[in-house]
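Proteins come first, then strands; the chains are lettered A, B, ... in the order of their sequence lines, and each starts at number 1.
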Amino acid sequence: MHAGSPITPLSLALSREASVVAGGADVIAVLEPPADTGFGDLATNVAMILAGSSRRNPRELADELVQRIGAAGGLGGYVESAVVAGPGFINLTLSPRWFADAARTIVVAGDAYGRGQAEPRERILIEFVSANPTGPPHVGHARQAAYGDGVARLLEYAGHDVTREFYVNDWGRQMDLFGASVAARYGQLMGLATEVPADGYQGDYVVGVAERIRDEVGDAFRDRVDPPDAEARALFTALGRDMMLATMTDELERFRVRFDAFASETTFHAGGAVTRGLEALVRSGDAYEQDGALWFRTTAYGDEKDRVLRRSDGSTTYLAADVAYHLDKAGRGGDRLLDILGADHHGYIARLRAVVAAGGHDPGMLEVPIVQLVSLIEGGEARRMSKRAGTLVTLGELVDDIGVDAARFFLVQRSHETAFDLDLDVARAQGNENPVYYVQYAHARIAGILMQEPAAPAAAPPPAAIDPSERALLISLARWPQVVDEAARRRSPHRVAAFLMDLARDFHAFYHRCRVVGEAPEVVAFRLDVLRATRSVIATGLGLVGVEAPDRM
RNA sequence: GCGCCAGUAGCUCAGUCGGAUAGAGCGUCGGUCUACGAAACCGAAGGUCACAGGUUCGAAUCCUGUCUGGCGCGCCA
């Protein structure tokens with residue numbers, strides 16, 4: 001049951017009849033495309049559902065329901081025939097009037113067709129990508145960005161109030177190492193024999209960071225980097241952080257991913273929020289001292305073991321900052337928190353949930369979708385990537401290679417729960433082996449026809465006959481509101497991509513069987529609506545996965 | 001050893017709160033441009049849905065067990 005779908009009136013009318021057959025029980029008849037299009041346009045298993053509760057023969061119930069459909073004038077003239085098949089399915093063949101009305105409805109709704117299906121509407125804070133600003137974003141970040149932004153767009157379209165947030169992990173050991181690495185490279189630029197720490201950042205981009213710092217400060221720190229003093233370390237770390245964060249956001253923006261807010265780990269430390277968070281946990285009895293360290297009793301909330309918040313040397317762990325951050329997020333008054341994490345962080349979920357629960361919030365408000373790994377295939381072989389050796393493929397390189405549209409479509413096409421291999425040869429292809437162009441081409445083709453501005457009569461009756469390809473196309477279009485709803489509820493933008501492939505296929509088949517220009521007036525009128533409706537839904541769907549809908553290619 | 005995710009066509013993957021003969025793209029084979037864009041369409045071949053039990057009118061889907069792969073199991077982040 002989805003507002004705006006041309007299937008909904010049918011479903012409601014059928015539900016009324018089914019309730020009567022069931023003796024007054026409340027029934028919802030779900031209408032879906034049948035397994036085989038030869039069976040009809042839509043099918044329902046409602047008789048089989050009723051058979052279960054009323055202990056009656058499903059086929060007998062179906063027969064009765066079919067009679068009532070006939071008596072009800074074919075559900076308002078929309079049903080041409082209804083037949084019982086198989087174990088008790090009812091197959092409906094719809095009338096030309098339904099198809100004409102459906103196309104018109106979608107055209108009139110335009111971009112709003114499918115929008116606002118969410119119930120109830122929520123204020124959702126979605127955090128994703130969140131990385132150490134110690135290097136450029138890589139392919140793994142790209143998948144998380146494509147997924148996180150896809151979910152955000154989907155939730156917005158479904159009617160939720162969404163905020164995209166990037167948590168900057170700009171504090172701690174990794175940042176210190178990064179700062180030391182930058183300082184060493186700066187020293188080398190000054191002609192010194194400084195060396196990047198063995199466990200530091202070896203990538204060439206660090207040289208670039210050092211060069212830009214040299215351009216700013218000149219040789220002022222020449223004598224302070226071998227070894228670097230505290231002030232020098234802080235400066236190189238801070239400048240490096242700013243540059244890398246700027247690189248990340250620039251690259252992500254080029255990838256069509258923008259954030260509404262940034263949260264800095266350093267800020268939580270500097271502002272005292274980390275200390276206050278730990279004190280709150282101690283006060284509530286959720287944290288305790290042992291062996292000189294401060295422990296978070298996460299086992300009380302389902303974790304397998306307790307976790308250290310403050311080490312015996314007095315320094316705080318990553319988790320301590322996340323306590324502050326998540327208490328902050330949970331306390332902002334929204335309904336739901338989404339943390340998009342990579343597969344290597346899934347062991348962290350129980351800890352985050354414990355933070356939310358210990359803060360007195362419903363732990364159910366926190367959802368943590370896990371994005372599995374993506375690897376690159378080229379020439380039939382896995383492309384080796386190592387962060388240490390600096391051979392990671394960056395987001396920027398990926399975009400330069402295959403383009404934003406292909407990158408986003410490929411990365412969001414597969415369920416985030418599945419580790420998958422991205423074949424660069426296929427993604428790079430400009431031709432027919434590339435799925436993203438298959439969908440875009442459908443959009444461009446429609447634009448091409450509409451640009452000819454074919455004339456149509458203002459008000460035309462439905463055409464006498466509807467082609468099978470038109471039936472398939474309209475039924476697909478009618479499913480869109482439900483696709484949006486399911487994809488949003490399940491945080492699964494890949495369902496949008498899969499739908500677009502189906503829709504494009506239906507359109508291309510229609511295109512080859514049905515002409516628009518030069519047909520009878522009522523046929524032209526109908527098919528123009530079909531074209532406009534299809535173009536609108538494709539454009540909307542592509543927009544939800546961050547891909548452009550070109551008028552020509 | 002424990003936890004999470006996965007195992008579906010030659011390859012990459014959809015489909016998983018039970019429904020009819022299990023799908024798509026790529027690849028392979030064969031057709032289709034003197035009519036709106038052939039970046040397209042039509043057709044064919046290709047499957048023990050990892051395996052074994054169970055639940056029921058009906059299981060790729062739910063339950064149990066087994067096998068295989070990825071990731072994780074730190075006073076790292």
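A salt bridge links Asp199(A) to Arg173(A): one of the charged nitrogens lies within less than 4.0 Å of a carboxylate oxygen. In this structure, Arg307(A) pairs ionically with Asp303(A), as a charged nitrogen and a carboxylate oxygen lie closer than 4.0 Å. Salt-bridge check for Asp170(A) with Arg241(A): passed, with a basic side-chain N closer than 4.0 Å to an acidic carboxylate O.
For His494(A), a side-chain nitrogen or oxygen approaches OP1 or OP2 of G15(B) to under 4.0 Å. In terms of phosphate contacts, Lys305(A) brings no side-chain nitrogen or oxygen within less than 4.0 Å of OP1 or OP2 of C2(B). The phosphate of A77(B) has neither OP1 nor OP2 within less than 4.0 Å of any side-chain N or O from Thr317(A). Between Tyr318(A) and C75(B), a side-chain N or O to OP1/OP2 separation shorter than 4.0 Å is absent. Taking only side-chain nitrogens and oxygens, Tyr441(A) comes nearer than 4.0 Å to OP1 or OP2 of A39(B). Within the structure, every side-chain polar atom (N or O) of Arg527(A) is placed at least 4.0 Å from both OP1 and OP2 of C36(B). Applying the 4.0 Å criterion to OP1 and OP2 of C41(B), one finds that Tyr438(A) has a side-chain N or O inside that range.
Comparing the C1' positions of G18(B) and C57(B) gives a spacing of 12 Å, expressed to the nearest Å. The gap from the P atom of A52(B) to that of A44(B) amounts to 31 Å, rounded to the nearest Å. For G1(B) and G65(B), the P atoms lie 15 Å apart once the distance is rounded to whole Å. Across the P atoms, G19(B) and G30(B) are found 39 Å apart, a figure rounded to whole Å. U48(B) and G37(B) are spaced 45 Å apart, taking the C1' atom of each and rounding to whole Å. Separating the P atom of U16(B) from that of G7(B) is a span of 12 Å, rounded to the nearest Å. Taking the C1' atom of each, U21(B) and A60(B) are spaced 15 Å apart, rounded to whole Å. Spacing of C1' atoms, C36(B) relative to C41(B), comes out at 15 Å, to the nearest Å.
The shortest distance between side-chain heavy atoms of Gln372(A) and Thr418(A) does not fall below 4.5 Å. In this structure, the side chains of Val196(A) and Val206(A) stay at 4.5 Å or more apart for every pair of heavy atoms.
Counting only residues at least two apart or in different chains, salt bridge (Lys or Arg N to Asp or Glu O under 4.0 Å) contacts with residues 311-322 of chain A are absent. Sorted by first and then second residue, the ring pair (Phe, Tyr, Trp, His ring centres under 6.0 Å) pairs with a member in residues 515-534 of chain A form an empty list; sequence neighbours excluded. Within the structure, side-chain hydrogen bond (donor to acceptor under 3.5 Å, both in side chains) contacts touching residues 518-533 of chain A (residues at least two apart or in different chains) are Arg104(A)-Asp529(A), Glu470(A)-Arg527(A).
Applying the 90° cutoff around 0 to the glycosidic angle, C26(B) is assigned anti.
Listed nucleotides C42(B), C75(B), C13(B) differ in distance to Val308(A); the shortest reach to its side chain belongs to C75(B).
Taken to the nearest 0.5 Å, the CZ atom of Arg408(A) stands 12.5 Å off from the CD1 atom of Ile402(A). Separation of atoms CD (Glu367(A)) and CG (Asp339(A)) is listed at 10.0 Å; rounding is to 0.5 Å.
Atom NE2 of His416(A) and atom P of A14(B) are 11 Å apart (whole Å). Going from atom CZ of Phe410(A) over to atom P of A24(B) covers 18 Å, rounded to whole Å. A straight line from NE2 of His508(A) to P of G43(B) spans 16 Å, rounded to a whole angstrom. Atom P of nucleotide C4(B) and atom CD1 of Ile340(A) are separated by 20 Å, given to the nearest angstrom. Between the CD atom of Gln413(A) and the P atom of A14(B) there is a distance of 9 Å, given to the nearest Å. Distance CG (Leu450(A)) to C1' (G37(B)): 13 Å, rounded to an integer number of Å. Separating the CD1 atom of Ile377(A) from the C1' atom of C26(B) is a distance of 14 Å, rounded to the nearest angstrom. The distance from atom CD of Glu417(A) to atom P of U12(B) is 19 Å, rounded to the nearest whole Å.
Nucleic acid contact for Asp502(A): none, since no nucleic acid atom lies under 4.0 Å from a heavy atom of the residue. Residue Ser312(A) is in base contact, counting any heavy-atom pair closer than 4.0 Å across all strands shown.
Nearest heavy-atom pair, Ala321(A) versus His269(A), reported as atom, atom and distance to 0.1 Å: CB-NE2, 3.8 Å. Contact record, Thr237(A) with Met175(A): CG2-O, 3.7 Å, taken as the closest heavy-atom pair.
By the side-chain contact (heavy atoms from CB on, under 4.5 Å) test, Ala287(A) is found to be paired with Leu281(A), Val282(A), Leu294(A), Leu309(A), residues two or more places apart in sequence or in another chain being considered. Every residue meeting the ring-ring contact (aromatic ring centres under 6.0 Å, His included) condition with Phe178(A), not counting sequence neighbours, appears here in chain and number order: Tyr201(A). Applying the ring-ring contact (aromatic ring centres under 6.0 Å, His included) rule to Tyr325(A) yields the partners Tyr167(A), Phe268(A); only residues at least two apart in sequence or on another chain are considered. Asp401(A) is linked by a salt bridge (charged side-chain N to carboxylate O under 4.0 Å, His left out) to Arg428(A), counting only residues two or more places apart in sequence or in another chain.
Among the duplex regions that RNA chain B forms, those built from at least three successive Watson-Crick or G-U pairs under 3.5 Å are B:1-7 with B:67-73, B:10-13 with B:23-26, B:28-32 with B:40-44, B:50-54 with B:62-66, ordered by first number.
Residues from residues 341-354 of chain A lying near RNA chain B, meaning a heavy-atom separation below 4.0 Å, are Ala343(A), Asp344(A), His345(A), His346(A), Tyr348(A), Arg351(A) in numerical order. Within residues 297-304 of chain A, the residues approaching RNA chain B are Glu304(A), by heavy-atom distance under 4.0 Å.
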Using atom names, set out every protein N or O paired with an N or O of nucleotides 32-35 of chain B below 3.5 Å, distance rounded to 0.1 Å.
{"from": "A35(B)", "atom 1": "O2'", "to": "Arg515(A)", "atom 2": "NH1", "distance (Å)": "3.3"}
{"from": "A35(B)", "atom 1": "O2'", "to": "Arg515(A)", "atom 2": "NH2", "distance (Å)": "2.9"}

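Side-chain polar atoms of Ser476(A) and Asp506(A) form a donor-acceptor pair below 3.5 angstrom.
RNA chain B is contacted by both Gln452(A) and Leu319(A); Gln452(A) maps to the nucleotide lying nearer its 5′ end (nearest heavy atom per residue). Where Ala504(A) and Arg311(A) meet RNA chain B, the nucleotide closest to each residue was compared, and Ala504(A) sits on the side nearer the 5' end.
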Tyr441(A) and His508(A): CA distance, side-chain angles, deciding distance, ring pair (Phe, Tyr, Trp, His ring centres under 6.0 Å) verdict: CA-CA 9 Å; Tyr441(A) 183 52; His508(A) 287 307; 5.6 Å; yes
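Between Tyr511(A) and Phe507(A), the angle of the ring planes lies from 30° to 60°, which puts this pair in the tilted group.
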B/S/- contact track for nucleotides 16-23 of chain B, protein heavy atom under 4.0 Å: SS-BB---
